[in-house]
Amino acid sequence: MKYLPVFLVLFFLYSCEKSDENSQKTDFSSGIIITNEGGFQKNNGSVSFFDTKNDILRNNIFDSVNKRSLGDVVQSFAAVSGKGFIVANNSQKIEVVDLKSFASIGVISPFSYPRFALGVNNSEVWVSNGKFQGKIYVIDVKTLKIKDSVDVGFGPEVLLQVENSVFVANSGGWGSDSTISEIDVVSKKVIKTHFVGDLPVDLVSDSQKNIWVLCKGKPSYYAGGKTQAKLVKLDSQTKQISLNFDLGYSEMNPLRLCYHYENVYFGGADLGGIFKMSEKNTEIPKTPFYKQEGTQQIYAFEMADLHSGELIIPTLYVLKVKSFDSNGILETVNENSVVLKTYSAGIVPNGIWFY
Amino acid sequence: MPEVQLSEIKISAYRNIFFKEDKKIFHFDSLIFETNKHLSLGEVLNLATGIAITQNSPNGISSILLRGTSANHTSVQWNGLNINSLTTGAADLSIIPVDAADQISITEGAAASLYGSGNFGGAIDLNSVAEWNNRLTLKLSTEYGSFENLKNAISLKIGNAKCQYHFTFLNHFAKNNFSFFDSYKFGNPKVSQTHNETENQAILQSIFCLLPNNQRLESGLWLQKKSTNIPAIMGSYQESSQEQTDKTLKFYLKYSFFVRQKNSFSLKNGFLQDFLYFSDKNSKIDSKFLTKKFLTNLEYTFFYSKNFIFDINIDYKYLNADISAYQKLKTEHQFGFSTGAKWTTKICVTNFSLRQEFYEKNHSTLLFSIGSKFEIVKEKLFSRINFANQFRNPTFNEKYWEPGGNPNIKPEKGWNFEIAKEYFFENKKNCKLFIDLTAYYSTIYDFIQWIPKTKFWSPENVKTLIIKGIENSIHFDMKFSKIFIKTSANYRFTISETAENYDKNLDFTGKQSIYVPIHSFQTQIYFSYKNFYLSYNQTLTGKRFTTADNNEIFALPFYSLSDISLGKTLIFKKLSVDFQFKTRNIFNVSYQIIRAYAMPLRNYSFRISFMFHNKNS
């Protein structure tokens with residue numbers, strides 16, 4: 001019995017194992033990054049790298065390379081001039097990594113509420129920021145310093161560059177908004193504010209450079225009650241709304257929009273799945289291309305070509321969430337809505353970034 | 001064997017305590033109270049028992065994970081009133097000062113048939129007790145420590161053989177601007193915590209009166225206000241603006257009388273009001289939570305003989321929650337009917353209890369508990385065995401929170417089996433040894449968890465949890481001339497794992513519950529010589545997972561903390577003055593109790609206490 005404390009101490013020391021991390025050297029210079037926001041205030045956000053050559057999704061690559069956690073609510077990613085910019089929303093920072101090794105080369109801070117990053121050219125990254133009245137910060141890629149800012153609407157989110165303009169979806173953030181800000185890339189001034197629908201959250205441009213806007217609509221817990229989600233088309237010539245579709249009501253799950261080969265894909269768990277429509281259509285489809293089923297909720301998606309040897313396979317990448325505190329999944333889906341493969345992603349995967 | 005006495009003390013004992021010799025109970029002794037004065041209940045529990053406590057900063061929200069369960073599976077009872085939050089079902093142990101009670105005990109795996117809903121893990125009893133031979137006890141103490149931590153306390157106990165009055169005032173301010181290594185930041189810099197101030201004031205009063213004809217009246221009042229700034233998580237580049245204020249008012253009045261040495265009646269009424277205000281300037285959030293509980297309890301105990309006692313208990317609760325997230329005022333009426341029996345022989349005490357709870361929806365199953373404590377070797381070796389079922393009625397948040405609350409959610413159910421051995425040894429030289437070895441196995445069916453659903457995150461009955469474990473406690477006291485040594489050690493082996501997920505998409509079978517260490521160990525050594533004393537405490541907390549799928553990358557590693565106190569007590573007749581110097585975390589360990597929340601490195605405090613004590617000899 002007298003050796004019991006010694007035994008217990010040794011036992012504890014033995015149980016204190018260090019995690020065995022993937023030591024394999026991977027080149028991250030180009031490919032597909034998945035951002036996983038993690039649980040709120042858990043500091044377990046991460047990024048995964050989809051190694052298409054070996055058909056492997058490598059999780060927690062930042063943690064493995066840099067031996068520390070990435071941050072809280074990892075929101076988005078942008079690659080510019082060999083550098084990766086990872087936006088950690090609730091850490092109020094952007095982690096900058098060398099794209100080849102994924103080693104950390106700096107931190108840009110402080111922001112109040114950074115959301116999305118966009119490489120506007122080889123020397124500038126623009127970042128949307130703000131829970132309420134928002135700003136777009138212009139960051140010098142070389143010095144990693146904020147060199148300019150532009151005032152926009154409430155809760156700026158996704159940025160989209162079309163020629164010399166950057167369009168900003170003013171999602172309302174923690175308040176409310178219904179506009180898109182159009183900023184001139186050279187003068188860095190807002191040249192026009194477009195009114196679309198309640199809480200615009202995502203943007204794409206089509207083959208004719210028309211802007212498609214996905215508006216989430218106000219959830220039921222907003223003062224004044226809920227409003228419908230909308231898909232809105234801004235005509236590239238007139239800059240007026242040329243199409244405006246009601247999509248039904250959404251609540252807490254995110255809605256997303258993407259574009260691929262003259263088709264617009266939009267939806268999310270709250271709308272019943274992911275819908276596909278031609279950019280030339282004047283009516284929205286009634287049945288989803290990919291249906292929301294079961295308890296794993298669609299959180300994000302992108303459509304892109306998957307290169308398999310000499311084959312090019314248009315593939316829908318769908319990210320789904322199981323719970324706040326466990327890994328989500330990535331599904332690859334073919335053009336016939338058939339799930340090709342399922343991969344384990346990080347906690348609450350929320351974005352797919354091709355670079 | 002513990003003998004049942006038909007005394008005034010037994011009339012006043014709460015039935016929860018009266019019927020549980022068959023359970024594992026940990027009583028705080030006077031040494032724990034004295035060496036841990038001014039601490040919160042959560043801090044003392046962790047220091048004295050090694051029970052897993054989660055806390056997001058030194059004075060932040062603190063929850064207990066007793067026997068591998070969740071925070072809403074352990075109730076805190078103040079003089080028999082459940083003071084857990086109506087909204088979350090959990091008790092914030094950081095706002096409960098250890099000075100709030102004269103007696104504190106923890107019953108692990110407490111029976112639902114005695115305590116009601118929500119005791120899969122156990123129950124903590126805080127009781128006020130009259131010392132009838134006290135005439136005047138006045139205690140004043142002040143403590144100043146690192147990070148501008150100032151704690152003051154005044155305690156007065158005054159009375160005679162018929163009436164006793166207790167008054168306690170506590171005041172605590174702390175800046176908590178400690179330094180820590182921020183391992184989530186580039187370069188692991190040493191930074192200072194900001195926006196972490198706390199201010200806490202409490203007033204507690206009790207009165208006990210013995211009236212003619214075996215009547216007794218007792219009442220208690222607890223008023224408290226705690227304001228806390230909530231710091232940003234580690235790795236943040238912006239200061240937090242979150243603040244929380246808790247205000248509480250607790251009151252009870254109990255009347256009891258004893259008829260012909262055979263019958264005891266008691267009537268107790270209680271009122272509990274909790275107000276919580278949360279604000280975040282950066283997010284323009286202002287939330288107010290106001291809850292009220294009205295409780296009535298009628299109890300009859302029949303002392304058939306020295307060996308057989310039974311009771312009948314009826315209780316009623318009116319619950320009221322005014323919370324903006326519920327959209328409208330929510331009220332509930334709850335009834336409970338209980339009965340219990342205790343049968344004592346020369347070598348055995350057997351307890352049996354039954355309870356039925358009636359809700360507006362989903363009444364409880366018939367709750368029962370049966371258990372015995374029996375003597376194997378006279379006055380040396382005892383055995384305990386207990387079997388009971390369990391129940392947890394969903395909380396107000398789980399039912400009414402908008403959006404996402406699930407009014408149709410089923411209650412959690414389960415059962416618990418426990419077997420134990422107790423060994424006592426005492427020799428003439430005042431050496432005392434006590435060893436307790438307990439093994440338990442319990443289940444929770446229809447475990448409730450918030451999960452993502454289409455449209456909202458919502459609470460669902462997601463899984464069956466199996467919890468099994470072994471607990472070993474050793475206490476050894478030795479008195480030799482002017483030297484007194486008291487040692488204790490507690491080891492806990494806890495497996496709390498998912499046995500089945502009802503949704504196959506959420507398959508975490510075999511995974512350990514988050515923040516529950518498989519191994520934990522605590523030891524304390526107290527040494528005194530004449531009026532000097534030294535106390536050393538060490539806790540070891542095993543690796544804890546922070547994700548449901550037990551992802552190793554996000555697990556928190558093993559850590560060990562050591563505290564040391566050195567003191568001297570000067571005694572001048574009825575006045576004593578105590579000086580104590582304490583060093584906490586003496587090995588300067590960087591650790592996190594909750595992932596991403598910083599805790600302080602080595603820190604110090606100095607305390608001076610005065611006590612005037614006049615007893616009727």
Side-chain angles (χ1 to χ4, degrees), chain A residues 4-5 8-9 11-13 15-21 39 41-44 46 59-60 63-64 68-69 71-72 88 90-93 95 104 106-107 109-113 131-132 174-175 219-221 249-253 269-270 272 292 294-297 321-327 347, chain B residues 56 183-186 188 232-238 282-285 325 402-404 435 449-457 460 462 472 474 489 491 503-506 508 511 514 518-519 521 523 540-543 546-555 557-560 594-597:
Chain A
L4 182 65
L8 287 171
V9 170
F11 189 72
F12 272 98
L13 293 174
S15 358
C16 178
E17 293 168 8
K18 296 215 163 159
S19 58
D20 184 21
E21 286 152 359
Q41 296 196 320
K42 303 277 175 60
N43 257 346
N44 56 13
S46 65
N59 289 324
N60 300 303
D63 304 41
S64 299
R68 68 181 164 94
S69 292
D72 199 49
N90 199 41
S91 298
Q92 304 91 28
K93 69 172 180 181
E95 283 279 355
S104 176
V107 175
S109 69
F111 296 92
S112 60
Y113 196 73
K131 280 180 184 172
F132 298 97
W174 290 47
S220 56
Y221 50 87
Y249 296 97
S250 84
E251 294 287 351
M252 295 181 89
N253 288 304
D270 291 353
Q292 166 63 47
T295 49
Q296 296 175 342
Q297 309 299 318
V321 171
K322 290 181 186 177
S323 71
F324 290 115
D325 59 357
S326 65
N327 282 342
I347 300 170
Chain B
N56 62 2
S183 55
Y184 296 92
K185 283 187 175 171
F186 184 78
N188 192 26
I233 56 171
M234 295 168 78
S236 292
Y237 283 87
Q238 190 189 39
N282 290 346
S283 301
K284 297 185 183 173
I285 292 174
E402 290 287 346
I435 301 174
Q449 190 177 325
W450 287 76
I451 58 168
K453 305 278 286 180
T454 300
K455 307 273 186 189
F456 303 112
W457 298 77
E460 290 289 324
V462 297
N472 186 202
I474 301 172
Y491 168 72
D503 180 348
K504 297 303 166 199
N505 287 322
L506 291 170
F508 304 125
K511 302 295 183 188
I514 61 170
I518 292 176
H519 306 285
F521 178 75
T523 186
L540 294 90
T541 304
K543 181 174 76 177
T546 65
T547 58
D549 50 6
N550 289 183
N551 193 327
E552 290 281 350
I553 284 187
F554 304 121
F558 152 88
Y559 68 90
S560 175
I594 296 180
R595 186 180 162 83
Y597 286 90

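Proteins come first, then strands; the chains are lettered A, B, ... in the order of their sequence lines, and each starts at number 1.
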Engineer: Where on A:Asn90 is there a heavy atom nearer than 4.5 Å to chain B: the side chain, the backbone, both, or neither?
Structural biologist: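 For A:Asn90, heavy atoms of backbone and side chain both lie under 4.5 Å from chain B.
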Engineer: Quick check against the 3.5 Å criterion: does B:Asp549 have a side-chain atom that pairs as donor or acceptor with the backbone of A:Asn327?
Structural biologist: yes
Engineer: Side chains of A:Trp174 and B:Ile285: does their closest heavy-atom pair fall under 4.5 Å?
Structural biologist: yes
Engineer: Under a 4.5 Å heavy-atom cut-off, does chain B meet the side chain of A:Tyr221, its backbone, both or neither?
Structural biologist: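 When you check distances to chain B, only side chain atoms of A:Tyr221 fall under 4.5 Å.
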Engineer: So for A:Lys131, is it side chain, backbone, both, or neither that comes closer than 4.5 Å to the heavy atoms of chain B?
Structural biologist: side chain
Engineer: What distance do A:Asp72 atom CG and B:Ile233 atom CD1 have between them, rounded to the nearest 0.5 Å?
Structural biologist: 3.5 Å
Engineer: Within the 4.5 Å heavy-atom criterion, are B:Phe456 and A:Pro219 side-chain neighbours or not?
Structural biologist: no
Engineer: Could you look at B:Ile594 and say if it's the side chain, the backbone, both or neither that has a heavy atom under 4.5 Å from chain A?
Structural biologist: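 The answer is neither part of B:Ile594.
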Engineer: Hey, which of B:Phe508, B:Tyr237, B:Phe186 has the most heavy atom pairs under 4.5 Å with chain A?
Structural biologist: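 So the answer, after comparing B:Phe508, B:Tyr237, B:Phe186, is B:Tyr237.
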Engineer: Would you compute the distance between atom CG of A:Asp325 and atom CH2 of B:Trp450 and round it to the nearest 0.5 angstrom?
Structural biologist: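 If we round to the nearest 0.5 Å, A:Asp325:CG and B:Trp450:CH2 are 14.5 Å apart.
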Engineer: Which one wins on heavy-atom pair count under 4.5 Å against chain A: B:Ser183, B:Gly235, B:Pro452?
Structural biologist: B:Pro452
Engineer: So which residue, A:Gly106, A:Ser220, A:Ser112, ends up with the most heavy-atom pairs under 4.5 Å with chain B?
Structural biologist: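 With the most close heavy-atom pairs to chain B, the winner is A:Ser112.
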Engineer: Chain A heavy atoms under 4.5 Å from B:Gln238: which part of the residue, side chain, backbone, both or neither?
Structural biologist: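 Contact with chain A involves both backbone and side-chain atoms of B:Gln238.
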Engineer: For the atom pair CG (A:Asn253) and CH2 (B:Trp457), what is the distance rounded to the nearest 0.5 Å?
Structural biologist: 7.5 Å
Engineer: Less than 4.5 Å to any heavy atom of chain B: does that hold for the side chain of A:Gln292, its backbone, both, or neither?
Structural biologist: side chain
Engineer: Could you look at B:Lys504 and say if it's the side chain, the backbone, both or neither that has a heavy atom under 4.5 Å from chain A?
Structural biologist: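 Looking at B:Lys504, nothing touches chain A.
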Engineer: Using a 4.5 angstrom heavy-atom cutoff, name the option from A:Ser250, A:Ala269, A:Gly272, A:Ser109 with the most pairs to chain B.
Structural biologist: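 That would be A:Ser109.
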Engineer: What part of A:Val107 lies closer than 4.5 angstrom to a heavy atom of chain B: side chain, backbone, both or neither?
Structural biologist: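 Side chain only.
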Engineer: For chain A, which of B:Ser560, B:Ala548, B:Ala596, B:Ala555 has the most heavy-atom pairs under 4.5 Å?
Structural biologist: B:Ala548
Engineer: For the atom pair CG (B:Asn551) and CG (A:Asn60), what is the distance rounded to the nearest 0.5 Å?
Structural biologist: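 Reported value, rounded in 0.5 Å steps: 6.0 Å.
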Engineer: Contact between B:Asn188 and A:Arg68 at the side-chain level, heavy atoms closer than 4.5 Å - yes or no?
Structural biologist: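 The answer is no, as the side chains (C-beta and beyond) never meet within the 4.5 Å cut-off.
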Engineer: Please flag which part of A:Ser69 lies under 4.5 Å from any non-hydrogen atom of chain B: side chain, backbone, both or neither.
Structural biologist: both
Engineer: Please report the shortest heavy-atom distance between B:Arg595 and A:Lys42, naming the atom on each side.
Structural biologist: NE-O, 2.7 Å
Engineer: Examine whether an atom of A:Phe132 lies under 4.5 Å from a heavy atom of chain B, and if so say whether it belongs to the side chain, the backbone or both; otherwise answer neither.
Structural biologist: side chain
Engineer: Rounded to the nearest 0.5 Å, what's the gap from OG on A:Ser91 to OH on B:Tyr184? Could you check?
Structural biologist: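 The OH atom of B:Tyr184 is 10.0 Å from OG of A:Ser91, to the nearest 0.5 Å.
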Engineer: To the nearest 0.5 angstrom, please state how far the CD atom of A:Gln296 sits from the CG atom of B:Asp503.
Structural biologist: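 If I round to the nearest 0.5 Å, the distance is 7.5 Å.
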Engineer: Are any side-chain N or O atoms of A:Gln92 and backbone N or O atoms of B:Ser236, one a donor and one an acceptor, separated by less than 3.5 Å?
Structural biologist: no
Engineer: Please flag which part of B:Glu460 lies under 4.5 Å from any non-hydrogen atom of chain A: side chain, backbone, both or neither.
Structural biologist: neither
Engineer: Return the option, out of A:Ala88, A:Ser326, A:Gly175, with the maximum number of heavy-atom pairs under 4.5 Å with chain B.
Structural biologist: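 The option with the most such pairs is A:Ser326.
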